[in-house]
Amino acid sequence: PGTLPLTGRHMLVTSGPTHEPLDPVRYLANRSSGKQGHAIAAALAALGARVTLVSGPVTQPDPAGVTVVRVETAREMLAACEAALPADAAVFAAAVADWRPAAPATQKMKKPADDAAPPMALVPNPDILATLSRHPQRPRLVIGFAAETERVIEHARAKLARKGCDWIVANDVSGDAMGGAENTVHLVTAAGVEDWPRLPKAEVAARLADRVAEALA
Ligand code: C5P
């Protein structure tokens, strides 16, 4: 009595987009708001966990009782996640940029005199979820997200295997999940698929936190 289910546990959560610089004033990014990831960090903390939230640039307030590490790029996010280990479980809710400009300019790029567009070579970013899933200090439970617009379950199952994680929270983003207040998700594990109803993101977070607590118990 008096002890919460995740007391004494350390949880790592990623959230938000990453910003990949092109020059000192320009970057590549995406529309992730960080709402779902921040809500998950808050829900895990509410169950008593010590939570490290590694967040890209967002306007969400820091969840109460959570240690927030702010980063900009995918490479900074990976380094911050590795520095946060060991953790009992990790939830990778960030929308990490798949590519970054190969050689960011150190000065603001100038418009070429002939009005041509400058070339923009991209290189792949590290996959944080896949890296942590195969890490020597892998958390016992590793959870990834999969935003899909079609064949949601099939793609999520393939992602489980490819990334080496334990669960995938697959969300159907054919509607308005990115930036919206609600989410329709399917929890995909080796044991099968659970379809959850459309819920406010805080409710999705609370249910996921309960499942994490059960799995670690
Ligand atoms: O590769 P894809 O974007 O489809 O997979 C999504 C999942 O992988 C999410 O959990 C996301 O946080 C994670 N991811 C990551 N690092 C990347 C790309 C995706 O951690 N570079």
Side-chain angles (χ1 to χ4, degrees), residues 11-21 27-41 43-44 51-58 60 68-85 87 89-102 122-135 137-139 141-174 177-179 183-189 193 196 201 204-205 208-209 211-212:
M11 305 284 140
L12 170 63
V13 180
T14 69
S15 185
T18 63
H19 285 185
E20 308 295 336
Y27 55 82
L28 279 183
N30 60 65
R31 295 187 190 280
S32 170
S33 65
K35 277 183 196 155
Q36 187 64 82
H38 277 55
I40 290 166
L44 292 166
V51 180
T52 303
L53 173 62
V54 179
S55 177
V58 295
Q60 299 297 309
V68 182
V69 181
R70 284 180 203 74
V71 298
E72 283 201 13
T73 68
R75 288 187 296 176
E76 289 167 5
M77 188 172 275
L78 174 59
C81 287
E82 290 188 290
L85 297 176
V91 184
F92 295 95
V96 182
D98 291 312
W99 310 282
R100 65 175 182 274
L122 301 177
V123 292
N125 264 329
D127 189 315
I128 301 165
L129 168 59
T131 304
L132 275 277
S133 290
R134 298 183 171 103
H135 197 278
Q137 291 187 84
R138 183 195 198 277
L141 180 64
V142 176
I143 305 169
F145 270 70
E148 305 288 355
T149 54
E150 45 145 21
R151 299 197 293 172
V152 174
I153 306 301
E154 192 184 323
H155 286 138
R157 283 191 187 289
K159 200 160 292 185
L160 260 188
R162 191 169 71 244
K163 304 259 191 176
C165 58
D166 301 300
W167 300 350
I168 288 274
V169 180
N171 56 335
D172 193 331
V173 291
S174 50
M178 253 200 183
N183 217 345
T184 309
V185 309
H186 312 267
L187 183 63
V188 181
T189 72
V193 181
W196 293 3
K201 286 181 175 176
V204 171
L208 187 65
R211 299 302 303 273
V212 169

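Counting starts at 1 for both ligands and their atoms, in listed order.
- For a threshold of 3.5 Å applied to N or O pairs, the pair formed by T14 and ligand 1 contains no separation below that value.
- Geometrically, ligand 1 and A95 share no nitrogen or oxygen pair separated by less than 3.5 Å.
- Using 4.0 Å as the threshold, K163 has a heavy atom nearer than that to some atom of ligand 1.
- In this structure, the side chains of H186 and E148 stay at 4.5 Å or more apart for every pair of heavy atoms.
- Here is the list of ligand 1 atoms found below 4.0 Å of a heavy atom in G144: 10 (O).
- Using a cutoff of 4.0 Å between basic side-chain nitrogens and carboxylate oxygens, R138 and D166 are scored as salt-bridged.
- No N or O atom of R162 sits closer than 3.5 Å to an N or O atom of ligand 1.
- Distance CD/Q137 to CG/L132: 10.0 Å, rounded to 0.5 Å.
- Nearest protein heavy-atom contact of atom 17 (C) of ligand 1 is V96 CB, 3.5 Å.
- Contact between P126 and ligand 1 is present, with at least one heavy atom of the residue lying under 4.0 Å from the ligand.
- When side chains are defined from C-beta on, R157 counts as touching V193, because their heavy atoms get closer than 4.5 Å.
- Ligand 1 has no atom lying under 4.0 Å from any heavy atom of N125.
- Side-chain contact between V204 and Q36: present, with at least one pair of heavy atoms (C-beta onward) separated by less than 4.5 Å.
- Looking at A146 next to ligand 1, no N or O pair under 3.5 Å apart turns up.
- The N/O atoms of A97, backbone and side chain alike, include none that comes under 3.5 Å of an N/O atom in ligand 1.
- Contact annotation: A94 has at least one heavy atom less than 4.0 Å from an atom of ligand 1.
- Distance check: R100 CZ to T73 OG1 gives 8.0 Å after rounding to the nearest 0.5 Å.
- By the 3.5 Å distance cut-off applied to N or O atoms, I128 is counted among the residues near ligand 1.
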